[in-house]
Structures are given as structure tokens and as C-alpha cells.
Amino acid sequence: MKFEDEPVPGYSLPILPGHVSPGRLERVLRAGKFAVTSEIDPPDSADPDEVFKRAAIFDGYVDAINATDGSGANCHMSSVGVCSLLTRRGYAMVMQIACRDRNRIAIQGEILGGAAMGVCNIMCLTGDGVQAGDHPQAKPVFDLDSMSLLEIARAMRDEARFQSGRKLASPPRVFLGAAENPFAPPFEWRAYRLAKKVAAGAQFIQTQYCFDVPRLKTFMAQVRDLGLLEGPDRIFILPGVGPLASAKSASWIRDNVPGVHIPDSVIKRLAGAEKQKEEGKKLCIDLIQEIREIEGVSGVHVMAYRQETTVAEIIQTSGVLEGRVPWYPGRDTPSEQQRIQA
Amino acid sequence: MYAVRRWVVRHSRSFEFIYNVFEPVIARLDPLWRGVGYSRVERPVAAVERAVKGLLFDCQMCGQCALSSTGMSCPMNCPKNLRNGPCGGVRANGHCEVKPEMKCVWADAWAGSQQMKGGSKIHIVQKPVDFRLRDTSSWLRVVRRIAEERQARKEAQK
């Protein structure tokens, strides 16, 4: 999708009527296109080139890239750092903010800092507990939860004020995201909890890994019945998917990563395959195609932790972009050959 | 105590009833609290509140009680101190991500709220905790608010 008002990379698009952000992700979603987002693995390094390299592997296949904030409670480069580097090149970023490591003073500062650096999407998360990561001895902060963080971020944007009431000279123009896990108990509450997040300000949702399509279908039906997919405050839902490397790693993820539900049938399918890694990719493509058919789904969020190079192939083979080439640095610059022809 | 608080959640409807009787009674005692001075009764009342609610709910004295909105399951017992519902890490058996031996506080809250008359309050977004109110009496705060509202209504009628 190419916009007529495509700006110089690093500069924002104009905000369209009915939009809250100058970002590409909001535009693609509100235009009714099937959106694709992915997640960058933030380096354990202070080298900016490492970040550029890790982002470039998604070029042409994703509408926005999530920068995780200490995912799994492991220490990496900060999300605001990754976002600052990549927005300079024009990438559409989803800056994740987790409540685990910072209090409300730090978080609100981060929202302003991110927005000033060109971040148009902010993902409000509670965050994994510190016990899950590489610093289990750390102090868990959790001054806010994802819900109160959403409310605070929305008030900063719409009412131009901090939680304290103090005024902002220029509010952050951000599209607000949140997470949901339809695959964790209490199941019957999950759609209501989503409604609560919408009430708190969420505009798009990226879910936890989906390996159980029937469960997702039930969840989506409840979400539709609650009327959350209609009106100007509607929510856009991007279920999470990802390739599993092998049956063994699938079992490990199931037992050790909080909130990931992998049915036995999936592990059996992988275990029975000759090339498990290939089967994992195929399974992911199948899931994307099934998920796309569910009424009310607006896109997919591909999380390929340590297999990021497979994302392009997965998206390409699944055909969900329908020939659309999401913007990337250099997309609209004519190549040498085109220039000679012209 | 874990066993007691689980039992309370199973009987959330009864505890809702008891609180709904209790609240207007202590609110009626406003002249007494005012006579002695709210600041002077704060410490003894907070001590009683801590003892009673500590026993029943494993109350952490956040000072802004949300029990009637959380199915009588105290959200401050959630290791992430979530005030608005379960995180995405709840285990398949309904137990906590951080403390695997403990039932998720919010899974309990959902079950508790389903039995309560005012159970739908669980859908209302709760404000973040005000940490200045820690270790103060939530009861007295509620009583004072009720009394002030009553006073305001009277003034308005005049």
C-alpha cells in the first residue's frame, strides 16, 4: 500500500480524520487491509548496526515491528532505544512498555520520549514476572498494571495531561495497543477482560501465540457479540503466531514460557514429521491461513523468536499480503536499472 | 491464610451480604468518629481492620479496598499486584505463573464475583494504587466519604 503523502523516512505521515496517530499501522488497519506485524529480537549489544540488521530481515513483509521491553523478564537493549534507532530510518514501530521494571513517573516519561522519537504505536503490557528471566533477584515494580497504563496513556494523548493532572505542552499522538491471551484461564472471562481493556483505551490487540484455532474462534465470537468490533472505538485484533523449531522445543515452551498453550496434537504433528523445522513453518502458515478466515480478525502478529529469518518466507507463502508490499527503507527509491530505463 | 481466603471466596455472596450490613452501621457512627477525631481513631481502627481482613482475605492494607469489586479475592495477593484482572500467564490448571503452588487470585476473583449480587463491578476499570494510603484504614475512608456525601446532599436540599 502506498500513500500519496508518503514522507521522508523518519518524518511522520499526516494524521487522517478519525485517526489518532500519524502511523502506518493505524492507516493499514483502518483501511481494512490484513495487517502483518512482527517482533524484533533486541540485541544484547550497544551496536546500532545490530539493530538495523535485525530489522532489515522483515523489509517488505511487515507493517510494523514490535520492540520488546525485556521480554520474558530478560535483559536486552531497551524498547525506546531500539525504537529511536529504527524510527530514524522510517520504520513503523510498536513500542512495548511493561509495568514490571518502571513506576508511573518513568513510564510516562518513556511515552513522551518514544513519541518524540517518532513512535506511533505503544503496546501497554503488565510484563512477565521477574522469576521468568535472567535476573530473578530483581525487584518487581508493578506500580501500574496494563489496564491503568492504558488509561494513563490515553489521558496523556486525549487530555494532554499526566496522571497527576499536570498539563502537557504537546500530547503524544499514539495508537494504543494491548495484549490478550484467549488461551489462558479463566476462559469465559477473557472476552470481558478485552472489553475492559477497550474501555481503558486499547485500540489494537496482539494476542499470545495461537496454536488452538477452535479456542480463538470461540473467543472471537464472544468479542463480536460484545460489540467490540464496531464503531469509532472499535478494537483491531491481531492473533499471535510463530513457527515452532521442533517437537522438543514446543514441549519446552509449553512447560517453561508463561501463558503459551500448545495442544498435544500440535506436538504430535511435529514429532511425526521428518523435517521438524520445516513442519513447524508449515504449521505456522496453516495457522495464519485458518486465522485469516475468522470473522473480525484484522491481521497477524508473527513472533519468531530466534527464527526471525523465517518470517519473510512464512508471510510470502501464506499469501496474506495479497501482493501488497509494506513500506520499508528504499521501497520507493527507484533502483539503478529502473533509473536507466527511465 | 491461604485456606481461609480460598474459603471466603467460595462464600463471597455471604461476605458481600455481611459487608453490606456492616458498612451502613459504621457509617452511622460517623458522629462518634468525628467526636473522637478521625485522626485519633485511625490507628486502633486500622489495627482491627488489619486483624480481621488479614485473617479472612490475607489483606495487605493497601488502604483502598477493592474486595467488593474483585469477588472477595484480594488483588494485592497477586504477585504482580494486578488490580484489573488476570495476566496472560495463568497456568492451564488455573494457578499462578509466579507462584505455581497458588491458585490465581484473579481466577478466584472471577469465580467469586459470579456469585455476588454486585459481581458486575469486576468489569469496572480500577485506578492504580495510591501508595500514600498504605497501612491506613479503608473502612474509615469509606465511612468518611459516605458521611461527606450525605452532608453535601443535605446542603444541596437547603
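Naming: A, B, ... by sequence-line order, numbering from 1 per chain. Note that the structure is a prediction, hence the values are computed from the model and not measured.
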What parts of residues 183-193 of chain A touch chain B if we use heavy atoms and a cut-off under 4.5 Å? A:A184, A:P185, A:P186, A:E188, A:W189, A:R190, A:Y192, A:R193
To the nearest 0.5 Å, how far apart are CZ in B:R83 and CE in A:M147? 13.0 Å
Could you pull out the closest heavy-atom pair between A:S148 and B:N84, with the gap in Å? N-ND2, 4.3 Å
Has the side chain of B:K80 got a donor or acceptor atom that lies under 3.5 Å from a matching backbone atom of A:G127? yes
Counting heavy-atom pairs under 4.5 Å to chain B, which of A:I152, A:D145, A:V260 comes out on top? A:D145
Would you say B:R40 has more than 12 foreign heavy atoms packed within less than 6.0 Å of its CZ? no
How many angstroms lie between atom CG of B:N81 and atom SG of A:C99, to the nearest 0.5 angstrom? 11.0 Å
Quick check: are there more than 12 heavy atoms from other residues, nucleotides or ligands sitting under 6.0 Å from CD1 of A:I105? no
Partner chain B: residue of A:L144, A:L125, A:D143 with the largest heavy-atom pair count (under 4.5 Å): A:D143
So do B:P128 and A:R104 actually touch side chain to side chain, heavy atoms under 4.5 Å? yes
Among residues 129-142 of chain A, which ones touch chain B with a heavy-atom distance under 4.5 Å? A:G129, A:Q131, A:F142
Quick check: closest heavy atoms across B:K127 and A:E151, and the distance to 0.1 Å? NZ-OE1, 3.1 Å
Not counting sequence neighbours, which residues clear ring-ring contact (aromatic ring centres under 6.0 Å, His included) with A:F211? List them please. A:Y209
Engaged part of B:I122 at the chain A interface, taking heavy atoms whose separation is under 4.5 Å: both
Proximity of residues 85-113 of chain B to chain A, residues having a non-hydrogen atom under 4.5 angstrom: B:G85, B:P86, B:C87, B:G88, B:G89, B:V90, B:R91, B:A92, B:G94, B:E97, B:V98, B:W106, B:A107, B:W110
